[in-house]
Colleague: 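Dropping a structure here in structure tokens format, bear with me for questions.
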Amino acid sequence: MPEAFSTFPGDEWETAAPQTLALNAEKLAAAGDMLARPGSNAAAFLVVRRGKIAWEQVYHGTSRYDRHHLFSVTKSVLSSLVGIALQEGLLESPDQPVLDFFPEVHPDPSDPLRLLTLRHLLAMASGLLWPRKGWHEIMVERLRHSPDWVQFILGLPVRREEIGKFHYCSAASHLLSAILTRVSGQNVCDYARQRLFAPLGIAHVISGSAWETDPQGITLGGWGLHLSAREIARFGWLYVSGGHWGGRALIPETWVQQSTRPASPASPGYGYQWWLRPVGRYQVFAGLGVGGQYLFCVPEQQLVVVILSRFSSRWTDRWNIVEGLLAER
Amino acid sequence: MKAIRITHARLHNLKNISLEIPRQQLVAITGVSGSGKSTLAFDLVYEFGRRRYLQSIGMFTDLIEEGGCERITGLGPAIAVQQGIIRQNNPRSNVGTRSGIFTFLRLLYVYEGQSPCPACGTLRPINEPCPHCGQAVPGLQSGYFSNNSSLGMCLRCQGHGTLYELNMERLLPTPHTTLRQMLGNAGCQSTFNYLLKGMLKEYADRPFEQAPESVRSNFLYGIPQGDGRLSHNLSSHLRSKFIKGREETGCLDYRVCPECGGDRVSAEARQVTLSGLHIGQLSRMTLAELGSFLYSLLEQAQLSPLGKNLLGDIRNRLQTLHANGLSHLTLYRSLPSLSGGELQRLFLSTHIGSELDSLIYVLDEPTIGLHEVEKQRLLSQLRVLQSLGNTILLVEHDPHLIAAADHIIDIGPLAGSAGGEIVYQGDYSGLLAAPDSVTGSYLSGRARLPAREIKPILPAAAHLKLSEVRTNNLQGVEVHIPLGALVGVAGVSGSGKSSLVMKTLVPLLDRCFTRRGRPADENGDVDPGEEPSVFFAGARLEGTERIRGFSAVSQQPIGRHDNSNPATYLKIWAPIRKLFARSAEAQARGFAPGYFSFNAGGACPTCSGSGKRRIWLGGAYFANQVCPTCQGRRFQAEVLKVHYQGKTILDVLQMTVDEAYAFFAGETAIVRVLEVLARSGMGYLPLGQPAPTLSGGEAQRIKLAYEISRNRAGHTLYILDEPTIGLSLYDTGRLMHLLDELVRKGSTVLVVEHDPVVLSNCDWLIELGPGGGSEGGRVIAQGSPAQLRENPDSITGPYLYA
């Protein structure tokens, strides 16, 4: 493994001057300033290169250790747990039918729910009826009103013709969490603690608070995880390192690769709970959350960029920050 | 006196006219079809009013006023209610949303609704903690009561209230039924034959139930192809056939959603009630029934001040809708399913509800589709609108409304270049006396419509029998349609005329005369909207062997694009282009007939031949500008160098039917249909008039002319839905003449009509009623006009002329 990938934070991240990590301090400062503009809702900005923090900036009185709601970046964390569960044999394959995990559900023989697999859920191509208005998933409101979330989701009509077609649906992620709960026999937050948070050095992720749960106690799959910029950066660095951490493979490398590539030719911009976009010559995969939560990973540049914000219903898109940082001099 | 002052108007056929239109009065603008009255009302007053207003609020600043008249002052913001402008196509748009009643009703449920407490079970208000056990509020917002919102819709049917499902018992009656037999049961052997010979060959003649699950499922329902489409499958195919009214095997059930029972909203919403009823139930009653219910709610329930206000707002709207003859509708009734008249009156009701003043309303025959009895109510509604301080301009033909106007402007005397002048301005008595006014001469009785000789219909006469009709509100109706006669179907709005004729008779005829699923003729247009006629199966039609075919001539547009026009529709465009291509100038340049069309090189590349450029101003505002490249000439310069008998192809498009008839004398293919058009009072129509700008009535008459010109040798049944829309008495006479000609040639003409002139000239009348919706749906009278006049049960009878 190359030298660059052998640096991992211990209890704390090491910091280093940008130029020692072959980064341009002026560019970083410029990016930091953009996030400081009046009206910006940015709370924390962190750039990790080659296993060390090259730049860290906090705004509006935030402390660098404050935890923020990551919103849908949670999904990317969930995705890693699915990979781990596959490796452990708790799940057989991504092509397993969803209904295998819910034997108490007996739909009609013609119900397209029978056609859904884990892959459909991961790739956001389940055909579940889930209308949205722009970024706003209206159905979440209705989901919240229901007494049993998983039952509600399984009761959603599946539009047969939409199966395989990309349609962002947080309910699908929550269903994945319910599935993981069933096969692991534990709360997903606890499952994650042993296999992910503890080895990564992310402590005290308490189920129900740092990672919210639904009325039945199932860890939220689509949102609800609260971490600091420094903590989520560890997860990003894990992915940039191909799932390896300090000599151990926490997540199968094959899964890291599979989940950060297009789930199908029809959806080149999305993998398994990860957003994909080429920036210049580089492939970037990212976890994105509403209100301005970003985890950008650029393995080819050994780079992780984290931007966390105070939630706002209108927020500035921050891909340009990464574009700026990656632009050729 | 405040007035709109127009100086030297030259738009279209208006001949440099100058006039004053008084404000805050009810003004009727009269004249024959094509006289220029719509130009004056819509293209001048409305367009300028709208444009000036938009400019003043900064929305329209880049565009200059483009001619039309020298000067126009005294304008205010203008609103037009015209069929072409308000056509609706979204089935989710319904009476409840358009009238605004749903907004208030949903809020009423939010603030006054009650539901059983999940903790202790007592009925408690939903916006307060439970008075019995203190359980917290569910806090539902109005979206939870909307069948169009993700929050409130029944998820199973997505708020439509109905579902399509395969009827497995009919498809596979026995365990041994093979795939081939199943296709036979479903009536689609030919469509899926290729599968029997190909991919599904091995299952073709074996019991279908034994085929693997995936094979069965894929064939019945289709495989998702990842792009939002399914593979070719039986469900989709039957569904598409069903919507077109061609599914008669019963293998596809179009039934009420089992989840919501047709209430369209979620179970949670159905738990919330007002006086025991939930919003789904209220949305399905007629507006009349709703009015009564809300009245008793006001009396009996303890409502908060907010609740009383909301209730008051709803009742006001209901009263306006009632006054406009719309009480038979329901809140869930979709806008595309309404008749042109109903739609217009709905929009009108909404405007009245807005209570704005100082506007100029420009209305196009708002009494379309109204029974005589209902016109008075509408008139009083227009007076209300006027009393709020608005100006009402009515483009009108109806004698009663013209008589009721404060001021009348008569444009004419005839159509096209024979019109465009102000023939008379003043009050009604003056109009009747005006010597040059065609309108006045008909209204006063100086000119008369030639009375048609009414054929006596003997009891044993050959007829079509339509029976067991239960479509929509019809209650097992049976009617006899005598053949070789002019038959009228009459009745108040909502009595079931359309359901009987357009939604039952026409689809049944379509099945009869269809070969391999294609309509008997291109004009037999069964509206392929999302809502199929509910349950017309079961109705029976006998006697069709006595007719050769049928043609339903509707008011649907003859084309949706600017490049569709009467010439293209009537199929004379191709022969005209051929004539141009044969000229020496065209031969020299190597122009084929196709070069003169809009699809090929000859059209202006910027505007594709429309001559216009449409500019989006933001929101729902568009403006048309003359195409900067061709300056409205539609063709490239070189095409316009070719002449046929001294005229260019553009000149021909701008010719009226009358002018073209003279110009193309000798070319039988072209003049045959032009002759019919001229005879039906459409001589004023420019050949190239863009199809979307034609009124529904004009489109219908063009189609009728086309039908007649095709020279079917009698024994055809023609069906027309309110053909006199847009026609003055003068034009109606012309139309009657045409219809009479068809009957004398041996065909049968069936008209759905309100116009007493037409009905009085029919050989046989069928009257439905007595009221609308559930108060209608029965035959209340059948007979000759003379018999109906004597019939005490007939509501139309008293209005018929001797």
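Chain A is the first sequence line, chain B the second, and so forth, proteins listed ahead of strands; every chain is numbered from 1.
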Colleague: Could you check whether any side-chain N or O of A/Arg160 sits under 3.5 Å from a backbone N or O of B/Gly222, counting only pairs where one atom can act as donor and the other as acceptor?
Modeller: yes
Colleague: Select, from A/Pro157, A/Ala266, A/Ser267, the one with the greatest count of heavy-atom pairs under 4.5 Å involving chain B.
Modeller: A/Pro157
Colleague: Give the interface residues of residues 172-180 of chain B toward chain A, defined by a heavy-atom separation under 4.5 Å.
Modeller: none
Colleague: So with a 6.0 Å cut-off around CD of A/Gln151, is the heavy-atom count from everything else above 12?
Modeller: no
Colleague: If the contact rule is any heavy atom under 4.5 Å from chain B, which residues of residues 104-115 of chain A qualify, in numerical order?
Modeller: A/Pro109, A/Ser110
Colleague: Would you tabulate the side-chain donor-acceptor contacts of residues 119-134 of chain A under 3.5 Å, counting partners in other chains and residues two or more places apart, or write 'none'?
Modeller:
residue, atom, partner, partner atom, Å
A/Arg119, NE, A/Asp95, OD1, 2.9
A/Arg119, NH1, A/Tyr272, OH, 2.5
A/Arg119, NH2, A/Asp95, OD1, 3.2
A/Arg119, NH2, A/Asp95, OD2, 2.8
A/His120, ND1, A/Thr117, N, 3.0
A/His120, ND1, A/Thr117, OG1, 3.2
A/Ser126, OG, A/Leu128, N, 3.3
A/Trp130, NE1, A/Glu137, OE1, 2.5
A/Arg132, NE, A/Gly134, O, 3.2
A/Arg132, NH1, A/Tyr168, O, 3.2
A/Arg132, NH2, A/Gly134, O, 3.2

Colleague: Evaluate side-chain contact (heavy atoms from CB on, under 4.5 Å) for A/Lys165 paired with B/Arg229, printing each intermediate quantity in order.
Modeller: CA-CA 9 Å; A/Lys165 192 172 159 200; B/Arg229 288 181 309 163; over 6 Å; no
Colleague: Given heavy-atom pairs under 4.5 angstrom as the criterion, report whether the side chain, backbone, both or neither of B/Ser266 touches chain A.
Modeller: both
Colleague: Using a cut-off of under 4.5 Å on heavy-atom pairs, state which of A/Arg142, A/Glu141, A/Glu161 scores highest against chain B.
Modeller: A/Arg142
Colleague: Are there more than 12 heavy atoms of other residues, nucleotides or ligands under 6.0 Å from atom OH of B/Tyr111?
Modeller: no
Colleague: Report which part of B/Met168 has an atom under 4.5 Å of a heavy atom belonging to chain A: side chain, backbone, both, or neither.
Modeller: neither
Colleague: Which residues from residues 141-152 of chain B are near chain A, with near meaning under 4.5 Å between non-hydrogen atoms?
Modeller: B/Gln141, B/Tyr144, B/Ser150, B/Leu151, B/Gly152
Colleague: If you count heavy-atom pairs under 4.5 Å between each of B/Leu155, B/Leu140, B/Ile223 and chain A, which one has the most?
Modeller: B/Leu155
